[in-house]
Undergrad: 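Sharing a structure with you now.
Below, read A as the first sequence line, B as the second, and so on, with proteins coming before strands; counting in each chain starts at 1.
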Amino acid sequence: MLEVEGLTKYFLSGMIRKRRVKAVDDVSFRIEKGKTLGLVGESGCGKTTVGRLILRLIKPTGGRVLFDGIDLLSLKKRELRKIRPRMQMIFQDPDSSLDPRMKIGTSIAEPLKVHGTIPKYERSQKIRELIGTVGLNPEHINRYPYQLSGGQNQRVVLARILAMNPDLIIADEPTSSLDVSVQAQILNLMKDLQREFDHTYLFISHDLDVVRIMADQIAVMYLGKLVEIGETRDLFDSARHPYTQALLSAAIRPESGAEGRKRVLLKGETPSPIDVPVGCRFHTRCPRKGGRCVIEEPKLVEIGGGHRVACHFI
Amino acid sequence: MSSLEILDLKTHFPTPDGIVRAVDTITLSIRARETFGLVGETGCGKTVLGLTIMRLLPPTATVEGKVMCAGRNLLEVNEAEMRKVRGEEIAMILQNPTTSLNPVMRVGAQIAEAIQLHQGLNKRDAKEKAIEMLDAVKIPSPSGRANEYPHEFSGGMKQRVMIAMGLACDPSLIIADEPTKGLDVTIKAQIIELIKKVTEKKAMLLITHDLGVARELCDRIALMYAGELVEYATLREIFEDPLHPYTRGFLGSLPDRGLVPIPGMTPSLIDLPEGCRFHPRCEYATDVCRQKHPEMIEVEGGHFVRCFHARS
């Protein structure tokens with residue numbers, strides 16, 4: 001369904017002395033139809049850039065993106081426009097994803113109008129249908145985004161996306177601005193919609209607990225590179241990369257109290273993507289660092305069942 | 001010995017659309033050296049409660065009740081004395097350090113300012129103390145970093161600066177409002193460990209929406225919903241034997257507890273439901289819940305809950 005190969009994006013930074021920021025460096029993965037890949041990492045690791053590269057909202061420096069066998073990066077503008085409705089993105093902040101001066105109904109009608117998928121006389125019927133699918137009432141059609149809560153607005157965003165009947169949905173932290181009780185509503189809705197319409201999800205998040213529930217496969221990113229990827233269960237039960245292990249233990253869960261739990265506290269902070277450390281990118285913070293890690297960059301190695309890890313100690 | 005006692009506190013904001021009951025008849029006490037967690041969702045009034053204690057509200061707010069600290073009611077002391085209370089007796093660590101720090105002032109000078117003001121030290125000694133504080137919150141090479149500006153610090157480092165500032169004048173109570181908001185998980189873990197260490201001998205009111213953080217730091221927890229407390233008890237009781245349907249729903253909606261959402265949404269603080277404020281979203285609601293407003297009752301020693309059906 002979606003295949004990403006060696007996806008790379010370098011940005012140039014600085015006015016006089018241009019320096020390369022390696023935002024995304026040689027990222028590869030594939031997602032089967034109807035499945036979810038969770039892309040996890042901390043702020044600035046390049047996970048959002050991966051999402052934007054796949055949709056070609058920005059141009060990659062290198063690599064390939066195959067969507068249903070079509071090489072997205074070789075498409076011309078017009079061809080790209082035709083395929084865009086099939087790939088949709090949902091963002092973190094629903095309030096800024098909607099036009100504040102547009103009524104909810106008009107917002108949902110817009111994509112239908114632009115892509116002309118449905119004749120005019122059927123549009124209002126379709127809007128009612130979509131509003132119902134995402135769990136809102138017809139009375140919401142004539143409201144404005146400011147009159148709705150964050151959770152309701154995220155439902156409106158989902159309705160807009162469904163209007164396009166997409167195959168692939170890239171969700172970039174779709175619930176991180178919502179309260180937990182509302183987050184649960186939206187995540188459940190997204191799962192139901194996936195089951196009903198066979199959507200393929202790329203679910204970008206920093207929250208491992210959320211990803212665990214949503215994803216079939218998880219990919220962990222650090223400083224632009226994948227460090228570990230595997231089936232959700234494999235990753236949670238037997239994470240092999242020290243960074244994944246630290247992330248899992250750092251996640252603060254109500255379930256595992258302070259008692260009887262050892263936390264791997266990482267030293268320091270993520271280095272800047274301008275000065276990526278030589279060798280393994282993680283070595284500056286790694287509790288297991290050895291001599292080889294400072295010199296040689298580890299490759300992603302398969303350790304069975306699609307579980308791949310980039311670490312010299314595997 | 002309690003460090004702070006809040007009695008029947010009400011903070012209301014009159015607006016053209018009606019009265020916003022942000023804090024409604026809250027009573028609680030924070031003991032010396034304890035960490036008390038105030039947990040609730042967006043708009044439940046938890047931040048307003050913190051600001052009410054510090055008297056940092058806009059003049060339009062109307063406040064009733066008592067905030068007792070060291071034998072006097074903070075709501076009645078004059079502004080000059082209040083200024084001394086802030087920082088010396090009670091310090092507040094605000095959420096979002098990026099907007100709380102002065103962007104055009106060196107970090108060391110910002111911390112020194114409070115020290116100079118409260119402890120009467122001269123400029124050089126205050127700076128020395130500021131560097132000491134930066135060191136205490138584990139900022140590497142503190143004397144160099146003290147001369148930098150906030151934009152040169154990362155989010156986690158800025159939060160450390162905020163904590164250093166809060167601790168600078170050695171207050172007996174710290175109010176921390178979402179101190180880990182917006183931080184990455186690995187950095188969040190570092191900040192929690194730091195807070196745990198530096199507040200060991202102090203009382204703290206931790207305001208958060210994150211039960212995970214509360215579980216790491218608190219001795220007792222209060223759940224706040226629509227302007228009022230609905231349950232409070234020890235950490236263990238809240239997690240193992242939650243009695244209020246909202247507390248149960250809140251726990252159940254967490255990703256690692258099954259992700260079962262609470263239906264509906266939080267009511268507006270202007271237009272609160274009749275009877276129990278939670279009844280429109282509560283699966284156990286009966287006629288009495290729709291008509292009468294439940295009082296806080298003590299079900300066991302120190303375990304309070306506001307529900308007609310708790311333990312029945």
Undergrad: Identify which of H209(B), E193(B), K138(B) forms the greatest number of heavy-atom pairs closer than 4.5 Å to chain A.
TA: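 Most heavy-atom pairs within the cutoff with chain A belong to E193(B).
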Undergrad: Please classify the contact between P140(B) and chain A as side chain, backbone, both or neither, with a heavy-atom cut-off of under 4.5 Å.
TA: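 Neither part, no heavy atoms under 4.5 Å.
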Undergrad: What verdict does the side-chain hydrogen bond (donor to acceptor under 3.5 Å, both in side chains) test give for E42(A) and T186(B), after you've listed the backbone C-alpha separation in whole Å, the side-chain angles of each residue and the deciding distance to 0.1 Å?
TA: CA-CA 8 Å; E42(A) 297 183 278; T186(B) 55; 2.5 Å; yes
Undergrad: Starting from the C-alpha separation in whole Å, work towards a yes-or-no answer on side chain to side chain contact (heavy atoms under 4.5 Å, CB included) for T266(B) and Y246(B).
TA: CA-CA 11 Å; T266(B) 327; Y246(B) 176 66; over 6 Å; no
Undergrad: Does R145(B) make a cation-pi contact with F153(B) (under 6.0 Å, within 45 degrees of the axis)?
TA: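 Cation-pi check for R145(B) and F153(B): passes.
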Undergrad: Taking side chain as everything from C-beta outward and backbone as N, CA, C, O, which of these in L266(A) sits under 4.5 Å from a heavy atom of chain B? Side chain, backbone, both or neither.
TA: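 L266(A) touches chain B through backbone and side-chain heavy atoms alike.
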Undergrad: Indicate, with yes or no, if the rings of F282(A) and H241(A) have centres closer together than 6.0 Å.
TA: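 Here the rings of H241(A) and F282(A) have centres that are less than 6.0 Å from each other.
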Undergrad: Of the listed residues (A214(B), G264(B), G156(B)), which shares the most heavy-atom pairs with chain A below a 4.5 Å separation?
TA: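 The candidate making the most pairs under 4.5 Å is G264(B).
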Undergrad: Would you mind checking which part of K191(A) comes under 4.5 Å of any heavy atom in chain B, side chain (CB onward), backbone (N, CA, C, O), both or neither?
TA: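 Answer is neither: K191(A) stays 4.5 Å or more from chain B.
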Undergrad: Would you indicate whether the side-chain heavy atoms of Y243(A) and E228(A) approach each other to under 4.5 Å?
TA: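 SC-SC contact between E228(A) and Y243(A) ruled out.
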